[in-house]
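Data first, discussion second: the structure below is written as C-alpha cells.
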Amino acid sequence: TSPTRRVGGEVLPGFEPVRHLQPMLSLANARDLDELAAWDERVRRLLADEDVDGPPSYVTEPKIDGLAISLIYRDGVFERGATRGDGVVGEDVTANLRTVRSLPLRVGGDDPPALLEVRGEIYLPRAAFERINEDRLARGETVFMNPRNTAAGSIRQKDPRLTATRPLSLWCYAIGSVEGVRFDRHSEALAWLRERGFPVNPLTATHDGIDGAAAACRTLQGRREELPYETDGVVVKLDRLDLQALLGAVDRRPRWAVAFKFPATTRTTRLNDIGINVGRTGALNPFAELEPVEVGGVTVKLATLHNEEDITRKDIRIGDTVIVQRAGDVIPQVVGPVLEARTGAEQPFRMPTHCPACGTAVVKAEGDAKHRCPNAGCPSRGLEGIKHFVSRGAMDIEGLGEKLAQRLWELGLVRTPADLYALTVDQLLALEGFQQRSAENVAAAIDASRRRPFPHVLFGLGIPHVGFTTAQALARGFGSVDRLLAAGADDIAAVEGIGPIIAESVAVWFADPERVALVEALRQAGVQLELGADERPVEGPLSGRTLVITGTLESGSREAAKARVEALGGAVADAVSKRTDYLVAGAGGGSKRAKAEKLGVPILDEDAFERLLAGEEPVPAVAVDTTSDEPATG
Ligand code: IVH
C-alpha cells in the first residue's frame, strides 16, 4: 500500500464491466430555495405518521462537480473501484483509482468490516486543472475544458501511469453496502468514515429542520468561488437512515435527498462574430459577439477573447458553438469551442493586418501577446484615452461619460485630455440635449477635476501597465511628475510595488515628446501634478510591507481595507509577486491565492488581517508547504 507501489506498470486492455452491489442513484434537483422548501414539505408529509419529534434532521454536503465512484474494501483492503456507469453497471477502474493519493488503500482502525462499499466523488482541484492546462499549452496541445471532464478523462485513461500524473482527489459522501457495522444516522456513517481515514468534506453539517439547511445552501453558494475545487450545488439528505429506507426511491431518485443546484457558470451558445476594439494603448482586443445567453443569472452578449494566440490555441472559429463562462462579477470569457457541434461552415479568425480604426499597419512585438496599432494619433486610441481620463477611478468627471466623450471627440473639440480644460459652457450648450444647467454642471465637474489628487491624474494618463495602485506607488515614490520625468527605468523599478516591466513602460512613456507636451498642457490647465503635503506617505508599523488584497471582505470594501493599511504606512499592490509580504484573501479570489501559494507568500484570512492591523504578527491562515508536490488545497 505504499504510495510508490500505487502505480502498476501494466496498460489496461479495456475496462471490465462491474455490477454495483446496489444501484448508484441520481438526485432530484431543487433550483431555488422555494423548491427546497417544497421538497422538505413533501418529506414531512410522507413522514407524518412516523415517530419523528419536531422537524427532521438534515445533513448538507457540498455537491462536488466530479465523477461518482464506488469503492469496495474486503477485510479492510481496497479491492475494487468502479465508475457509476449507468447506475447499475459501471467500469472497473481500480488500477487508476490506486493512483489517487487521498484514496485509502486500507480501512483505518481495528476490526475493519468484512465488506465495505464507500461512495464518493473523484475530482481535480482547480489549481491542478490550471497547471495541467498551462503545461499543455506550453507543449502546444489543446486545453481541457473543465476540471470535471479532465477528472473523468483521467480516471478512464488506459495507462495508470498517465492517471498518476493528474493530481486527482476524493471526497467520500456515503456508505453503500456494509457488513459488520450498523449506523442509525447518515451523519454517524460520515463521522465513522472520517475516523477510518476516508476524506469527508469538512463543510458537511447537520441541521434540525430545513431552515438551517437552507442557510447552509446560501452560505456554500456564497463561498463557491473560494473553494479550491468546483461545486455545482449542495446535497441535502435526511439524516436518519431508517427514515431514508422508509421513503425509498422513485425513478432512481431517492425521495430522502435533493440537490440544491447553483446557477450554471458555463453555458454554450453560438459565436456570431469576432469584433476588434482598439484600446488606448493601441492593443487590438478581439471580443466575441455571441448569440445572447443567460449565464449565472445574467444575459451575456459579449465576452473577452484576449488575443489572437489565445483564439488560435483554443481553435475558436466564427460560427462555432462555444462554451461561455462567467463567475462572480468577472467579465465573461469564451472557454473554447464544442468540437462535436462543428458543421464545417465555421471560419477561422484572422487578426486584421491594419488597424480597423485608422488603417495603420499593425505591429506585434516579440514577447507581446497583443497586436498593436502603432499610430499615436489613432482616433480609437485617442478616444479610448479620453474615456479613461474622465472615468471613475481617474479624474471622475461627473456628467462626462463615454457618450459625451465620443461626441466631443467626433466634433474635434477634444483630442487630448488637456483639451477638456479649454471647453466652454457655450461649446457644451451647442451640443444636442444640453441646457444651461447641464452645460454648467459639466463645466463645473471639469473644473473640480483640477483638484483631483495626483495619483488619479497619473492613473488617468493611461500609461500601459499602470493601474491605480501602481499610479499610487509611483506618486508616493516620486512625489511629483517632474521627478518622474527625470527618472530612468532603474529608478522607477526601485519603488516598492513596481516591477521591471512596469518601470520600463513608464520610462518609455515619459520619454515621448508628445507626452511631455501633454504634461505641460495639463500643468497650464492647473491640474495637480504633485502630491499635496497631506498626501505624503505615512510612517507606521506597516512601513515597508506590501500587501495584496483579493476576494470579498466581510468588514467592508477592498478600498476601505487598503486605506487602513496605508494609514499604518503599508503599501497595497495589485499583483502578487515575490516582494509581497502577505496576501489578504476574502471570499473568492482564486488566481491570486494560487499565485501566493506557488510563491510561498503567506495568506491571511480576515481574522489574521485584523490582527495584523491591530499590531499583532498574524499566523497565516494557510500554512504553505512548498516542499510538497501535492496541490495546496487550503
Ligand atoms: S449523494 C442517492 N452526495 O451528484 C444519492 N452525490 O446527481 C446519490 N455528488 O452521481 C448521491 N457530491 O456524482 C451525493 N455529497 C454528495 C455529492 C454527490 C456530488 C454527485 C454524484 C451523483 C450526483 C447525483
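Indexing begins at 1, ligand by ligand and atom by atom, following the structure's order. Since we're looking at a predicted model, the values are computed, not measured.
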Q) Could Arg136 and Phe144 be counted as a cation-pi pair, given that NZ or CZ must be under 6.0 Å from the ring centre and within 45° of the axis? A) yes
(Q) Check the orientation of Trp39 and Tyr58. Use parallel for under 30°, tilted for 30 to 60°, and perpendicular for over 60°. (A) tilted
Q) Once the angle between the rings of Phe198 and Tyr73 is folded into 0 to 90°, is it parallel (under 30°), tilted (30 to 60°) or perpendicular (over 60°)? A) perpendicular
Q. Hey, is Lys237 touching ligand 1 through its side chain, its backbone, both or neither, going by heavy atoms under 4.0 Å?
A. side chain
Give me the nearest non-hydrogen protein atom to [atom] as residue plus atom name, then the distance to 0.1 Å.
| atom | result |
| --- | --- |
| atom 7 (O) of ligand 1 | Leu27 N, 3.5 Å |
| atom 20 (C) of ligand 1 | Glu121 OE1, 3.5 Å |
| atom 8 (C) of ligand 1 | Leu25 O, 3.8 Å |
| atom 6 (N) of ligand 1 | Tyr173 CZ, 3.5 Å |
| atom 12 (N) of ligand 1 | Ile64 N, 3.1 Å |

Q) Would you call Arg148 and Glu230 a salt bridge, taking side-chain N to carboxylate O under 4.0 Å as the test? A) no
Q. Is Lys314 salt-bridged to Asp320, cutoff N-O under 4.0 Å?
A. no
(Q) Which of the numbered atoms in ligand 1 are under 4.0 angstrom from any heavy atom belonging to Glu61? (A) 3 (N), 15 (N), 16 (C)
Q.
Distance under 4.0 Å to a non-hydrogen atom of Pro62: what atoms of ligand 1 satisfy this?
A. 12 (N), 15 (N)
Q.
Any side-chain to backbone donor/acceptor pair from Asp92 onto Val18? Under 3.5 Å, distance only.
A. no
With a cutoff of 4.0 Å, is [X] in contact with ligand 1, counting heavy atoms of the residue only?
| X | value |
| --- | --- |
| Gly66 | no |
| Pro254 | yes |
| Arg253 | no |

Q) Run the side chain to side chain donor-acceptor pair (under 3.5 Å) check on Ser70 and Glu117 step by step: do they pass? A) CA-CA 7 Å; Ser70 153; Glu117 184 202 3; 2.7 Å; yes
Q.
For the CG atom of Leu33 and the CZ atom of Arg218, what is their distance to the nearest 0.5 Å?
A. 5.5 Å
